[in-house]
Amino acid sequence: MAQTSAVIATHEMFLPGESYISDHILNRKLWRLAIWAVASFFVCMLGYMVSLHWKYRIFVHEYFPSLIIGISAIYCDVLWLIRTSELCRTQLPRLTSLLPTDESRSRCMGGAAKLIYGRVRIALFAIASVALGEGTFLWLGIRMPSVRMKIAALLAISIAFTLLGVVIAVATGFWRWLYAFGRERPRIIVFHPDRMGGLLPVSEVTDWIVVMGSVLLALYSAGAHYSPYAHSELRLYSYSWVVLAVALLLAAIFIPAYSVHRCLKDAQRELEERVSEQHERLVSLFESGVEGGQFELERAIVALFALSEIIQKLDLWPYRQLSIRVVAAVAIQLVFPIASMFRA
């Protein structure tokens, strides 16, 4: 574990700007993001009202939904990034302790630093995201009450898609790391109280990534719907990436964790073999009928039932309540479409 700590210190597992934002702006209190979000909303609303000559009804009808969604998306991105980074720093060392050798532990933590926190990789994802996002809005056009507000909107869009690119980079980096971790063949502790073979930290990280990622996806989908496009007839184009994003989110729940799933399946198979051995021993003792065999028979029965119960309770995917996670990831995407139906 000392070597693992050294690896963390060497690679500095912090996202760009994370330490400054967390320590100096938020003072390590994530709830202060809500204060910043409210303040940002009122500042932006003031800019809209001045540009609209204080025509409040036009602001509410045409710009309020996109403004509240955009600000929510930006600050939820920041929340997701800070919390995900914190979870990776605290939970990944617990996972690497299951690996068989110091070399594999060091290699695994080094891979985490490169895949999740690599500066070049994050920058490339951010640039690609901004290019696609700005390209979409420039093609569809954006309807604003003044040139200044249009420039401000494009700047806000750049910030939102930069953060989205960083989110995608961190999420895909973690999923790649998780797949590589499973290929290192971690030791599954079948009698571990978490009933996941000691892999509960995986669930703690992935639950946050998937559930909060679903919220972010819903916000960006709503942004695609409510954004004030100049060419509203092309709005359907903006939805095309939403369908792809939902499919990728569902695939990301299963594909990266498949290698860990195989480890859990192997552990289950070993347990089944031990149950089979106990069953054969039970039959042998029963058929022998030797003196004193009754006590051994009772011990074998107890062991058989104990192992059978463990097999039934062992989760084969590194998630808690997998079906609920999948349903929640899809259901969250329906919140804004249903709300827009009632609004219409």
Side-chain angles (χ1 to χ4, degrees), residues 8 11-18 73-74 76-92 95-96 107-133 136 159-184 199 201-221 240-262 317-319 322 325-326 328-330 332-333:
I8 295 176
H11 290 276
E12 296 183 355
M13 295 177 68
F14 288 87
L15 296 171
E18 178 189 352
I74 288 174
C76 283
D77 279 335
V78 176
L79 173 63
W80 187 95
L81 289 169
I82 294 176
R83 180 58 179 161
T84 300
S85 179
E86 178 185 354
L87 284 172
C88 288
R89 280 196 304 274
T90 57
Q91 302 301 329
L92 298 195
L95 287 171
T96 55
R107 181 170 58 250
C108 203
M109 289 306 299
K114 179 180 178 181
L115 293 173
I116 300 174
Y117 298 93
R119 292 329 195 234
V120 175
R121 186 173 182 274
I122 288 175
L124 292 175
F125 271 83
I127 292 172
S129 178
V130 171
L132 291 173
T136 299
I159 295 174
F161 278 95
T162 297
L163 291 171
L164 178 62
V166 179
V167 167
I168 295 172
V170 172
T172 55
F174 172 77
W175 289 327
R176 286 180 60 186
W177 177 88
L178 181 61
Y179 186 80
F181 170 76
R183 291 175 64 88
E184 294 284 354
L199 295 174
V202 174
S203 179
E204 293 179 358
V205 180
T206 53
D207 283 354
W208 167 260
I209 289 178
V210 170
V211 174
M212 193 60 189
S214 302
V215 173
L216 290 176
L217 179 56
L219 286 171
Y220 279 89
S221 301
S240 60
W241 77 273
V242 175
V243 177
L244 177 62
V246 173
L248 290 176
L249 180 64
L250 294 177
I253 296 177
F254 297 99
I255 296 176
Y258 182 72
S259 59
V260 178
H261 168 69
R262 287 173 54 189
W317 287 93
Y319 303 107
L322 176 61
R325 297 288 177 265
V326 175
V330 176
I332 291 174
Q333 312 310 313

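Taking the ring centroids of Trp175 and Tyr179, they lie at or beyond the 6.0 Å cut-off.
With rounding to the nearest 0.5 angstrom, the CE atom of Met13 is 5.5 Å from the CD1 atom of Ile116. Distance SG/Cys108 to CG/Leu178: 9.5 Å, rounded to 0.5 Å. The OH atom of Tyr117 sits 4.5 Å away from atom SG of Cys88, with the distance rounded to the nearest 0.5 Å. The CZ atom of Arg176 sits 5.5 Å away from atom CZ of Arg121, with the distance rounded to the nearest 0.5 Å. Atom CE of Met109 and atom CH2 of Trp177 lie 7.5 Å apart (nearest 0.5 Å). With values rounded to the nearest 0.5 angstrom, Leu79 atom CG is found 8.5 Å from Leu216 atom CG.
Residues that satisfy the salt bridge (charged side-chain N to carboxylate O under 4.0 Å, His left out) test with Arg107, not counting sequence neighbours, are Glu103, Glu184. Partners of Arg83 according to the side chain to side chain contact (heavy atoms under 4.5 Å, CB included) rule, which considers only residues two or more places apart in sequence or in another chain, are Glu86, Leu87, Trp208.
Leu15 and Val170 make their closest contact through CD2-CG2, 3.7 Å (heavy atoms, listed as atom of the first residue, atom of the second, distance).
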- side-chain contact (heavy atoms from CB on, under 4.5 Å) between Trp80 and Ile209, worked out: CA-CA 8 Å; Trp80 187 95; Ile209 289 178; 3.8 Å; yes

- Just do the side-chain contact (heavy atoms from CB on, under 4.5 Å) check on Leu92 and Leu95 with the steps written out, would you? CA-CA 5 Å; Leu92 298 195; Leu95 287 171; 4.1 Å; yes

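When atom types are taken as modelled, the side chain of Ser129 and the backbone of Phe161 share a donor-acceptor pair closer than 3.5 angstrom. For the pair Thr172 (side chain) and Ile168 (backbone), a donor-acceptor distance under 3.5 Å is present. Put simply, the side chain of Ser214 gets close to the backbone of Val210: a donor and an acceptor are under 3.5 Å apart.
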